[in-house]
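These figures come from a predicted structure and were not determined experimentally. Lettering follows sequence order; numbering is per chain, from 1.
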Amino acid sequence: MSNKPAVTDTTPENFIEAIISKDLSEGNVPKVITRFPPEPNGYLHIGHAKAICLNFGLAESFNGECNLRFDDTNPAKENQDYIDAIQEDVRWLGFTWAGNVRYASDYFDQFYAWALHLINNGDAYVCHLSPSESSEYRGWATTPGKDSPYRSRSVAENLELIESMRAGEFDEGACVLRAKIDMASSNMNLRDPILYRIRKEIHHQTGDKWCIYPSYDFAHGQEDAIEGVTHSICTLEFADHRPLYNWFIEHLPVPATPHQYEFGRLHLNYTITSKRKLKLLVDEEHVVGWDDPRMPTIAGMRRRGYSAKALRNFCQSLAVAKTDGIVDVAQLEFFIREDLNENAPRAMCVLDPVKIVINNFEQYISESVQSMTAACHPNNAAMGDRTLPFTRELYIDRADFSEDTSLSRKKFKRLVMGEYVRLRSAYVIKAEAVTKNSDGSIDFISASLVPNTVGDNPPEGIKPRGVIHWVSASEGEQAEIRLYKRLFDHESPDGGDGEVTDHLTPDSMTVLNDCWIEPGLAYASPETAFQFEREGYFVADRWEHSSTRPVFNLTIGLRDSK
RNA sequence: UGGGGCGUCGCCAAGCGGCAAGGCACCAGGUUUUGAUCCUGGCAUUCAGAGGUUCGAAUCCUCUCGCCCCAGCCA
């Protein structure tokens with residue numbers, strides 16, 4: 001019965017929720033209808049995730065509906081692949097739009113009829129000023145514009161001209177349809193804005209039906225009105241367009257009166273959220289496609305191993321306000337780790353293997369393999385156990401062994417020559433000797449196990465320095481691991497001088513081919529997340545992982561307080 | 001210097017005249033067969049600045065300073 005959002009947390013109502021609550025309680029709107037209106041000219045990114053969560057979330061909280069509508073008014077930049085990808089991203093994030101997918105292009109006939117309506121009322125005219133002339137006539141912020149010489153054309157002439165435009169009788173750029181508002185307005189958007197321009201393009205939805213296309217301003221508010229959208233939420237840069245949005249609603253016989261509200265878009269440091277620049281990275285092959293795990297696209301983050309839940313939690317943590325701040329990417333990473341820590345089963349993987357041979361193996365273990373039992377999650381028994389084969393030859397990470405006996409126990413909690421370390425979920429071992437290759441590198445380490453230390457503390461006097469992970473050399477499997485660093489090494493790659501490509505991290509991706517994973521992991525389904533203990537969270541690659549060629553992507557490392 | 005928007009801890013942010021929430025980050029301890037998790041504690045006498053109104057101001061008024069957006073036939 002209550003109009004209050006069904007939020008369970010104590011997050012205070014944001015200004016948009018306050019407006020909606022008021023509209024509902026005062027009976028201004030019977031039901032809340034919002035919309036997420038992407039242009040299909042690129043993939044959705046983290047900034048869109050915020051908008052999606054906001055619009056769909058508001059609809060959910062207030063028992064309303066949210067439409068997915070493609071704002072496809074510029075066929076030159078749009079295509080079907082983007083439409084498909086966007087729908088998949090929205091669904092994956094966990095949202096369901098009301099009814100069918102909508103398109104601005106569904107309403108092109110109506111828009112044209114409304115253009116004629118404006119012409120008939122003397123509120124619009126066909127203008128033959130060239131783009132550069134048009135720019136001159138528009139004036140500058142502190143200087144008013146001048147009326148176009150075509151501003152006084154008769155209704156009849158305008159009617160004839162717009163029909164010629166529609167019929168394809170003019171070249172692109174030859175003329176446009178403009179609203180007759182005020183060339184001296186202090187709001188540049190009101191200086192006779194363009195309603196229709198000529199674009200001889202095949203439209204992905206309407207084919208060759210049209211060669212004139214409505215501008216954003218002439219389309220958006222009317223789309224909202226047609227769909228009965230009550231609260232049209234967009235980002236701050238559109239605030240200057242609101243008077244124009246309202247002008248159309250007032251001057252046209254639209255079926256409803258939607259209202260536009262603006263909030264501050266998301267900015268993340270070390271990240272770019274510009275579709276144009278993201279497209280550049282793809283086109284110039286700085287990354288491998290829109291869903292490259294380094295991309296801040298929803299598809300990229302998905303492939304990186306971020307869960308939809310984590311992304312939603314992050315978006316919910318963001319303020320819906322009019323301030324334009326830059327969120328620390330650490331805040332995003334917190335929610336990624338929080339989710340993975342709780343839900344990712346633990347496993348072991350050796351990224352940089354060095355062999356270790358247990359010399360006294362036969363002395364204590366009769367079979368060639370001893371099955372160890374390890375919990376899938378240290379704090380959640382419900383996740384069950386897994387079996388780890390312990391064999392005479394194992395791999396540990398090169399970085400987990402040192403011959404330097406002077407290393408302090410506090411600084412190096414790993415295996416040191418002549419000392420003890422715990423093999424996770426298995427024995428305590430002691431490093432006895434190293435055998436080296438001709439180049440000085442370690443060929444293998446000889447070690448001995450301390451009996452009766454599985455699940456038990458070693459005898460008095462034996463103090464393992466720490467716990468390290470391992471994989472059976474004979475039973476484990478080889479895997480490819482892709483390590484990632486942030487794509488940009490600059491806090492604001494998009495700000496200041498230079499190109500975003502100047503700030504690309506040189507080695508943002510490292511492919512490791514000789515990694516060893518515990519058996520079973522190869523059979524994980526693509527997109528399954530794990531915590532490789534002591535290393536970080538990894539995900540089986542959505543496209544390239546298979547049991548015959550396991551491929552895991554680093555999602556994010558563990559917090560490291562070393 | 002036209003118009004629009006905004007300035008509260010390193011970052012995000014609540015607060016709307018009654019005496020500065022919360023999250024991230026960071027620091028210090030504790031637990032731990034992951035240098036993870038978890039737990040405990042610390043972290044703005046001050047709200048861009050200056051005046052003013054008031055018993056009382058981050059909240060009201062005035063002025064000043066700073067940042068963002070607008071001159072696409074992009075959205």
Side-chain angles (χ1 to χ4, degrees), chain A residues 9-14 37-39 41 71 73-74 76-77 127 129-131 134-136 138-145 172-178 184-191 193-199 212-213 215-217 219-220 234-243 262 264 266-267 269 275-276 317-319 321-335 337-338 341-342 346 348 374-375 377-379 410-414 421-426 428 453-457 464 466-469 531-537 557-562:
Chain A
D9 61 346
T10 54
T11 309
E13 204 177 47
N14 64 50
E39 183 190 12
N41 64 347
D71 223 346
T73 55
N74 185 2
K77 292 184 175 177
C127 179
L129 244 28
S130 71
S134 182
S135 175
E136 268 181 58
R138 188 157 30 235
W140 167 236
T142 52
T143 57
E172 284 192 13
C175 53
V176 293
L177 181 71
R178 294 226 250 167
S185 174
S186 53
N187 182 339
M188 300 296 280
N189 295 118
L190 264 21
R191 321 251 265 221
I194 289 170
L195 272 36
Y196 269 101
R197 72 284 209 204
I198 299 167
R199 279 280 172 283
I212 58 171
Y213 291 94
S215 62
Y216 164 85
D217 289 304
H220 209 93
C234 62
T235 44
L236 254 25
E237 64 267 29
F238 290 98
D240 282 342
H241 294 245
R242 188 171 359 104
E262 312 86 24
L266 169 66
H267 299 285
N269 58 14
K275 267 199 264 186
R276 208 203 102 232
S317 81
L318 266 15
K322 285 179 180 282
T323 42
D324 217 357
I326 299 168
V327 175
D328 192 333
V329 70
Q331 189 166 329
L332 201 212
E333 295 175 342
F334 168 82
F335 287 98
R337 287 198 181 93
E338 180 186 57
N341 174 53
E342 190 183 331
R346 313 286 119 129
M348 291 197 281
H377 192 114
N379 312 316
K410 195 164 165 52
K411 282 201 70 176
F412 194 78
K413 304 180 167 191
R414 311 176 188 195
V421 81
R422 157 77 67 184
L423 291 180
R424 170 114 245 225
S425 302
V428 169
T453 52
V454 178
D456 244 320
N457 289 127
V467 182
I468 64 172
H469 55 98
Q531 184 200 95
F532 289 165
E533 288 187 286
R534 300 210 312 132
E535 295 289 359
Y537 297 98
L558 258 23
R559 272 188 72 227
D560 187 359
S561 55
K562 249 188 299 206

Using the [atom1] atom as the point on both nucleotides, what is the distance between [M] and [N], in whole Å?
N	M	atom1	value
B:rA50	B:rC43	P	25 Å
B:rA75	B:rC19	C1'	47 Å
B:rG35	B:rG30	C1'	16 Å
B:rG2	B:rA71	C1'	12 Å
B:rA48	B:rG7	P	9 Å
B:rA25	B:rG18	P	33 Å
B:rA13	B:rC6	C1'	14 Å
B:rG52	B:rG22	P	34 Å

*Looking at the angle O4'-C1'-N9-C4 for a purine or O4'-C1'-N1-C2 for a pyrimidine, is B:rG52 syn or anti, with syn meaning within 90° of 0?*
anti
With a 4.0 Å cut-off on heavy atoms, is [X] in touch with a base, just the backbone sugar-phosphate, or nothing at all?
X	answer
A:P144	nothing
A:I326	sugar-phosphate
A:V454	base
A:T453	base
A:R346	base
A:D456	base
A:G455	base
A:K275	nothing

When both hydrogen-bonding distances must be under 3.5 Å and the geometry is Watson-Crick or G-U wobble, what is [N] paired with, if anything?
N	value
B:rA20	none
B:rC26	B:rG42
B:rC63	B:rG49
B:rU37	none
B:rU31	none
B:rU1	none

[X] [atom1] to [N] [atom2], straight-line distance once rounded to whole Å:
X	N	atom1	atom2	result
A:E262	B:rC6	CD	P	10 Å
A:L318	B:rC12	CG	C1'	8 Å
A:K413	B:rU32	NZ	P	12 Å
A:R414	B:rU34	CZ	C1'	12 Å
A:H267	B:rA13	NE2	C1'	16 Å
A:E333	B:rC11	CD	P	18 Å
A:R424	B:rU37	CZ	C1'	11 Å
A:R242	B:rG3	CZ	P	16 Å

*State the SG-CZ distance between A:C127 and A:R197, to the nearest 0.5 angstrom.*
15.5 Å
*Atom CZ of A:R191 and atom CZ of A:R138: how far apart are they, to the nearest 0.5 Å?*
9.0 Å
With the criterion being N/O to N/O and under 3.5 Å, what pairs connect the protein with nucleotides 20-31 of chain B, and how long is each?
residue	atom	partner	partner atom	Å
B:rG23	N2	A:Q331	OE1	3.3

Restricting to side-chain contact (heavy atoms from CB on, under 4.5 Å), what partner residues turn up for [X], sequence neighbours left out?
X	value
A:D217	A:S215, A:H241, A:L244, A:F248
A:F412	A:S402, A:L407, A:R414, A:V416, A:R465
A:E237	A:T235, A:R265
A:D456	none

*Would you indicate which nucleotide in B:rC12, B:rG35, B:rA36 comes nearest to any side-chain atom of A:V327?*
B:rC12
*Return the 5'-most residue of the pair A:G325, A:K411 with respect to RNA chain B, ranking by each residue's nearest nucleotide.*
A:G325
*Quick one: list whatever passes ring pair (Phe, Tyr, Trp, His ring centres under 6.0 Å) with A:Y213, sequence neighbours left out.*
A:F108, A:H203
*For A:Y216, all residues meeting ring pair (Phe, Tyr, Trp, His ring centres under 6.0 Å), sequence neighbours excluded*: A:H220, A:F238
_Contact pattern, 5' to 3', of nucleotides 64-75 of chain B - B, S or - by protein heavy atom under 4.0 Å_ = ----SBSBSBSB
_Donor-acceptor pair present, A:Q531 side chain and B:rU34 base, under 3.5 Å_ = yes
*Does any donor-acceptor pair link the side chain of A:R422 with the base of B:rU33 at a separation under 3.5 Å?*
yes
*Would you say A:L236 has more than 12 foreign heavy atoms packed within less than 6.0 Å of its CG?*
yes
*Is there a donor-acceptor pair closer than 3.5 Å between any side-chain N or O of A:S185 and the backbone N or O of A:L190?*
no
_Test item: A:N269 side-chain N/O and A:V329 main-chain N/O as donor-acceptor pair under 3.5 Å_ = yes
_Suppose we screen for salt bridge (charged side-chain N to carboxylate O under 4.0 Å, His left out). Which residues come up paired with A:R422, at least two apart in sequence or across chains?_
none
*Can we say A:K77 and A:E39 salt-bridge, meaning some charged N sits less than 4.0 Å from an Asp/Glu carboxylate O?*
no
*Distance check: side-chain N/O of A:S185 vs OP1/OP2 of B:rG3, anything under 4.0 Å?*
no
